[in-house]
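Notes follow once the structure below has been shown.
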Amino acid sequence: MEEYARDPCPWRIVDDCGGAFSMGAIGGSVFHGIKGFRNAPTGHYRRLISSFESIRIRAPITGGNFAVWGGLFSAIDCSMVYVRKKEDPWNSITSGALTGAILAVRNGTGAMVGSAIIGGVLLAMIEGIGILFTRFSAQQFDPANVMFQEDPSQLPKKETIFGNSPTYQ
């Protein structure tokens, strides 16, 4: 299971970090915009201003948090590829668990273990769904499952009846 469209490992970290920041900034804008609108005083103008202000202040922070997670995950994933000399789903699962543990280090051992379990399980579910999707989509190209259409050049000649005896053309 190789991904041919991905950059080589050192550049992959930068690419994943930027993608995660973009995803976090866009999702954070939506989330904090709605939250700012709901928590504002009454009046459409006040709600709109509060929504934009909340987006301006909090969305970049959310994007930065996503970028840290994505960069750390990708760095650990690249390290796993380098150490194990192969790229498979176990690298992603281990990277998710280690990322969760490292980001929870300040909260103690219990939080580290819990975050590692959550990160590993989350990545295992993502990898499992990806594998299932690949297998189900690959079945349509399996020669045993393909319904062959009839090729007219391989069919027997048509039978036409003139009088009492059939004639083949």
Side-chain angles (χ1 to χ4, degrees), residues 1-39 50-149 151:
M1 287 189 168
E2 294 184 38
E3 296 176 339
Y4 296 107
R6 304 269 327 239
D7 291 330
C9 241
W11 304 112
R12 186 184 303 182
I13 298 169
V14 176
D15 185 41
D16 287 349
C17 194
F21 177 81
S22 300
M23 189 171 25
I26 292 169
S29 295
V30 171
F31 177 78
H32 292 298
I34 293 170
K35 186 176 175 185
F37 187 83
R38 290 186 65 203
N39 293 336
S50 176
S51 177
F52 285 136
E53 193 65 20
S54 180
I55 290 171
R56 185 183 68 82
I57 293 171
R58 298 295 300 168
I61 295 170
T62 305
N65 291 341
F66 270 69
V68 167
W69 195 95
L72 185 59
F73 173 83
S74 188
I76 294 172
D77 192 37
C78 285
S79 299
M80 295 290 293
V81 169
Y82 179 75
V83 168
R84 295 184 68 223
K85 304 284 191 239
K86 61 180 173 178
E87 195 165 345
D88 60 358
W90 288 109
N91 290 346
S92 295
I93 294 168
T94 306
S95 299
L98 286 175
T99 300
I102 290 170
L103 291 177
V105 120
R106 292 173 53 184
N107 297 327
T109 309
M112 283 179 63
V113 171
S115 293
I117 290 171
I118 289 173
V121 168
L122 182 67
L123 265 297
M125 287 174 34
I126 291 170
E127 289 292 328
I129 290 170
I131 290 170
L132 286 176
F133 181 73
T134 303
R135 287 207 179 149
F136 284 132
S137 64
Q139 283 181 353
Q140 67 184 349
F141 299 111
D142 186 16
N145 294 335
V146 174
M147 298 298 292
F148 292 104
Q149 295 180 354
D151 183 13

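Please read these numbers as outputs of a predicted model, since none were measured by experiment.
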Open item on the list: Could you measure the distance from the CD1 atom of Ile55 to the CD1 atom of Ile34? Nearest 0.5 Å is fine.
Closed with: 9.0 Å
TODO: Using modelled atom types only, decide if a donor and an acceptor are shared between the side chain of Thr62 and the backbone of Ala25 within a distance under 3.5 Å.
DONE: no
Task: Set of side-chain contact (heavy atoms from CB on, under 4.5 Å) partners for Leu98, sequence neighbours left out - done: Ile76, Thr94
- [ ] Taking the six-membered ring of Phe31 (Phe, Tyr or Trp), confirm whether the NZ or CZ of Lys35 is under 6.0 Å from its centre and within 45° of its axis.
- [x] no
Open item on the list: Between Ser74 (side chain only) and Gly70 (backbone N and O only), is there a donor and an acceptor less than 3.5 Å apart?
Closed with: no
- [ ] Looking only at non-hydrogen atoms, find the nearest pair between Ser115 and Gly100 and report the distance.
- [x] CB-O, 3.2 Å
Open item on the list: Taking disulfide (SG to SG under 2.5 Å) as the definition, give me every residue that meets it alongside Cys78, ordered by chain and number, with sequence neighbours left out.
Closed with: Cys9
Task: Straight-line distance of Leu103 CG to Trp69 CH2, nearest 0.5 Å - done: 8.5 Å
Task: By side chain to side chain donor-acceptor pair (under 3.5 Å) - contacts of Ser51 (at least two apart) - done: none
Task: Exam field: side chain Ser50 to backbone Gly36, donor-acceptor pair closer than 3.5 Å - done: yes
Task: Heavy-atom side-chain contact between Trp90 and Glu127 under 4.5 Å - done: no
- [ ] Give, for atom CG of Asn91 and atom CG of Leu123, the distance between the pair rounded to the nearest 0.5 Å.
- [x] 11.0 Å
Open item on the list: Could you measure the distance from the CZ atom of Phe73 to the OG atom of Ser92? Nearest 0.5 Å is fine.
Closed with: 4.5 Å
Task: Nearest non-hydrogen partners of Ala59 and Ser29, listed with the distance - done: CB-OG, 3.5 Å
- [ ] Indicate yes or no for a side-chain donor-acceptor contact from Asp16 to the backbone of Ala75 under 3.5 Å, with no hydrogens or angles considered.
- [x] no
- [ ] Write down the atom of Ala116, the atom of Ala101, and the distance for their closest heavy-atom approach.
- [x] CB-CB, 3.9 Å
Task: Partner set under side-chain contact (heavy atoms from CB on, under 4.5 Å) for Ile118, not counting sequence neighbours - done: none
Open item on the list: Any side-chain to backbone donor/acceptor pair from Ser95 onto Asp77? Under 3.5 Å, distance only.
Closed with: yes
- [ ] Would you indicate whether the side-chain heavy atoms of Asn107 and Met112 approach each other to under 4.5 Å?
- [x] no
- [ ] Kindly indicate whether the side chain of Ser22, heavy atoms from C-beta on, has any atom under 4.5 Å from the side chain of Phe66.
- [x] no
- [ ] May I have all residue pairs that pass salt bridge (Lys or Arg N to Asp or Glu O under 4.0 Å) and include part of residues 50-75, sequence neighbours excluded?
- [x] Glu53-Arg56
TODO: Could I get the full list of salt bridge (charged side-chain N to carboxylate O under 4.0 Å, His left out) partners for Arg38, not counting sequence neighbours?
DONE: none
